[in-house]
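Quantities reported herein were computed from a predicted structural model and do not represent experimental measurements. Every number for a ligand or one of its atoms is a count from 1 in the order of the listing.
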Amino acid sequence: MSDFISDFWNVYVVVLVIASLVFCAFIILSNRGARPTGTVELHGHQWDETLAEWNNPLPRWWVWLFWITIVFAIVYLIAYPGLGRFGGKLEWTSVNAYQREVSVADAKVAPLFERYSKMDAMQVAADPEARAMGERLYLNNCAQCHGTDARGSRGFPNLVDSDWLYGGDPEAIKATLVNGRNAMMPAFSAVLDSEAQRDVVHYVRSLSGLTADNLRVQRGKPVFATNCAACHGAEGRGNQAMGAPNLTDGIWLYGSTEAIVAQSVARGRNGHMPAHGELLGEHKIHLLTAYVWGLSNNTAKVATTDSSSTTQ
Ligand code: HEC
Ligand code: HEC
């Protein structure tokens, strides 16, 4: 209600609610009628030969039910929001109610999370119970973009291979999850003419052994050195500090065909991984970090080397 600038809707709702209650009371009172002293009479209406309407008063218990609903409505409107902007004496809001439920649920699982927070990500990854929790968190928060099998799709990186845009050690993964990532690959359509763009596309494809025109590769090499090497490295092996992919490994985020590489160069690419730090909180991020790390690392090895500390 606070979104409304004028007071009109507030007054409108209050008047409408009170008027309906008064109207209900009026209807009940006006139909009270006197208890018949002797015989009940016909109203004079008759249908289908035998179906007649008598002037019996409403049963008392039934009228009381109506009064109870009215009293209930009044008590409810005093306690809970319903009368325009008046928030109710109990100060109930859906946000408060939700947060109460969340904190009750969090308190229940807190000891579990705390146990894992004391272990490092690699040890957590070796714990089957923690992995199961990590998987549930993953399916709820990450699968819509990275896929239920975490193998990603065009523009959404595969998390089970060991190729990383930003680094695959637990610290780098945690930083990705907490702060998100914004890739900045600039568009070159205005910087390079179309011939130079095609040349550099052929050069990029040649880096991972894909078919390319030799002459264009020769011409594309200096174009790459001038325009691309700052981020992708002199040899095209990428730079994890800025998420510039390795262009020599045959793993493609957007695709390797000439048309798609040309599109990457001409329009640029700005992959966006949303920040999850505030949404999920420290404990869940820790479990997810371990889960993601475990997807591309052999956790069994950690389990045997560190078995003493995983069973604390
Ligand atoms: C809205 C879609 C979206 C959601 C939700 C999302 N991601 Fe991402 N994620 C991306 C994109 C896009 C990138 C690549 C960013 C780029 O291109 O630089 C990415 C990158 C990553 C990376 C870095 C990969 C690398 O190679 O360095 C990790 C790790 C990751 N996400 C894990 C997760 C986890 C875990 C969750 C769930 C908490 C999650 N993501 C939720 C879209 C998403
Ligand atoms: C300012 C840094 C920067 C410069 C300069 C730059 N890139 Fe990129 N490039 C990136 C980043 C970051 C990504 C990842 C984009 C994403 O994840 O959405 C990327 C992605 C790409 C991709 C997509 C790779 C894939 O796996 O699909 C290609 C191809 C590419 N760059 C080629 C080039 C070429 C060719 C040039 C020079 C003409 C160039 N880049 C210049 C930062 C840069």
Starting from atom 27 (O) of ligand 1, which protein heavy atom do you reach first, and at what distance in Å?
Tyr166 N, 2.9 Å

With heavy atoms of Ala183 as the reference, note each atom of ligand 1 found under 4.0 Å away.
16 (C), 17 (O), 18 (O)

Verify the cluster assignment for Met185 and Tyr203: are they in a single hydrophobic cluster under the rule of side-chain heavy atoms below 4.5 Å apart?
yes

For atom 14 (C) of ligand 2, find the nearest protein heavy atom and state the residue, atom name and distance (0.1 Å precision).
Pro245 CD, 3.4 Å

With heavy atoms and a 4.0 Å threshold, my read on which part of Cys142 contacts ligand 1 is both

Closer than 4.0 Å to some heavy atom of His276 - which atoms of ligand 1 meet that?
38 (C), 41 (C)

Check whether any N or O atom of Leu165, backbone or side chain, sits under 3.5 Å from an N or O atom of ligand 1, and answer yes or no.
yes

How close does the nearest protein non-hydrogen atom get to atom 5 (C) of ligand 2, and which residue and atom is it?
Asn227 O, 3.3 Å

Location of contacts on Leu177 toward ligand 1, heavy atoms closer than 4.0 Å:
side chain

Show me which atoms of ligand 2 lie under 4.0 Å from any heavy atom of Val265.
35 (C)

Looking at Val204, which atoms of ligand 2 are within less than 4.0 Å of one of its heavy atoms?
35 (C)

Verify the distance test for His232 against atom 8 (Fe) of ligand 2: any N/O/S atom under 2.8 Å, yes or no.
yes

Gln197, Met242, Met185, Gln263: member with heavy atom nearest to atom 9 (N) of ligand 2
Met185

Ignoring angles and geometry beyond distance, decide whether Tyr254 reaches within less than 3.5 Å of ligand 1 through its nitrogen or oxygen atoms.
no

Nearest heavy atom to atom 3 (C) of ligand 1: which of Gly277, Cys145, Gly152, Ala172 does it belong to?
Cys145

Among Lys174, His272, Gln144, whose heavy atom sits nearest atom 11 (C) of ligand 1?
His272

Only one of Leu165, Asn179, Asn182, Leu177 passes side chain to side chain contact (heavy atoms under 4.5 Å, CB included) with Met273; say which it is.
Leu177

State which residue, out of Asn10, Val11, Leu16, fulfils the side chain to side chain contact (heavy atoms under 4.5 Å, CB included) condition with Val14.
Asn10

of all protein heavy atoms, closest to atom 4 (C) of ligand 2 is Cys231 SG, 3.3 Å

Around atom 34 (C) of ligand 2, find the nearest protein heavy atom and jot down its residue, atom name and distance.
Cys228 SG, 3.4 Å

If you group Ile, Leu, Val, Met, Phe, Trp and Tyr by side-chain heavy-atom gaps below 4.5 Å, do Val13 and Ile74 land in one group?
yes

Taking the minimum heavy-atom distance to atom 29 (C) of ligand 1, which of Ile285, Leu253, Leu159 ranks first?
Leu159

Is ligand 1 less than 4.0 angstrom away from at least one heavy atom of Gly155?
yes

May I ask you to decide whether Asp7 forms a salt bridge with Arg85, counting only side-chain N to carboxylate O separations under 4.0 Å?
yes

For atom 28 (C) of ligand 2, which candidate among Leu247, Val200, Val261 holds the nearest heavy atom?
Leu247

Is the number of heavy atoms from other residues, nucleotides or ligands within 6.0 Å of CD (Glu91) greater than 12?
no

Which ligand 1 atoms are under 4.0 Å away from a heavy-atom of Leu288?
38 (C)

Please work out whether any backbone atom (N, CA, C, O) or any side-chain heavy atom from C-beta onward of His146 is under 4.0 Å from ligand 1, and answer side chain, backbone, both or neither.
side chain

Under the side-chain contact (heavy atoms from CB on, under 4.5 Å) rule, collect the residues that match up with Glu135, sequence neighbours excluded.
Leu139, Tyr291

Is a donor from one side chain sitting under 3.5 angstrom from an acceptor on the other, for Arg205 and Thr211?
yes

Quick look: Met273 vs ligand 1, heavy-atom contacts under 4.0 Å, and the answer is both

Closer than 4.0 angstrom: is that true for some heavy atom of Ala230 and an atom of ligand 2?
no

Within ligand 1, which atoms have a heavy atom of Val292 less than 4.0 Å away?
35 (C)

Protein heavy atom at shortest distance from atom 41 (C) of ligand 2
Phe188 CE1, 3.4 Å

Angle between ring planes, His45 versus Trp47, binned at 30° and 60°: parallel, tilted or perpendicular?
tilted

Residue portion contacting ligand 2 (non-hydrogen atoms closer than 4.0 Å) for Ser256
neither

Reference residue Arg219; test side-chain hydrogen bond (donor to acceptor under 3.5 Å, both in side chains); the match among Asp213, Asn214, Asp199:
Asp199

Atom CZ of Phe8 with >12 non-hydrogen neighbours under 6.0 angstrom
yes

Which word best sums up how the rings of Tyr138 and His146 line up, parallel for under 30°, tilted for 30 to 60°, or perpendicular for over 60°?
tilted

Can you hop from Leu280 to Leu112 via hydrophobic side chains spaced under 4.5 Å?
yes

From Gly271, Ser264, Gly268 - option closest to atom 23 (C) of ligand 2 by heavy atom
Ser264

Which ligand 1 atoms are under 4.0 Å away from a heavy-atom of Thr176?
21 (C), 22 (C), 23 (C), 28 (C)

Atom CD of Glu53 with >12 non-hydrogen neighbours under 6.0 angstrom:
yes

If hydrophobic clusters are built from ILVMFWY residues whose side chains come within less than 4.5 Å, do Val217 and Leu247 share one?
yes

Answer with yes or no whether the side chains of His286 and Ser117 bring together a donor and an acceptor at under 3.5 Å.
no

Neighbour count >12 (heavy atoms, 6.0 Å) for atom OH, Tyr80
no

Tell me which protein heavy atom sits closest to atom 13 (C) of ligand 1, plus the residue, atom name and distance to 0.1 Å.
Pro157 CD, 3.4 Å

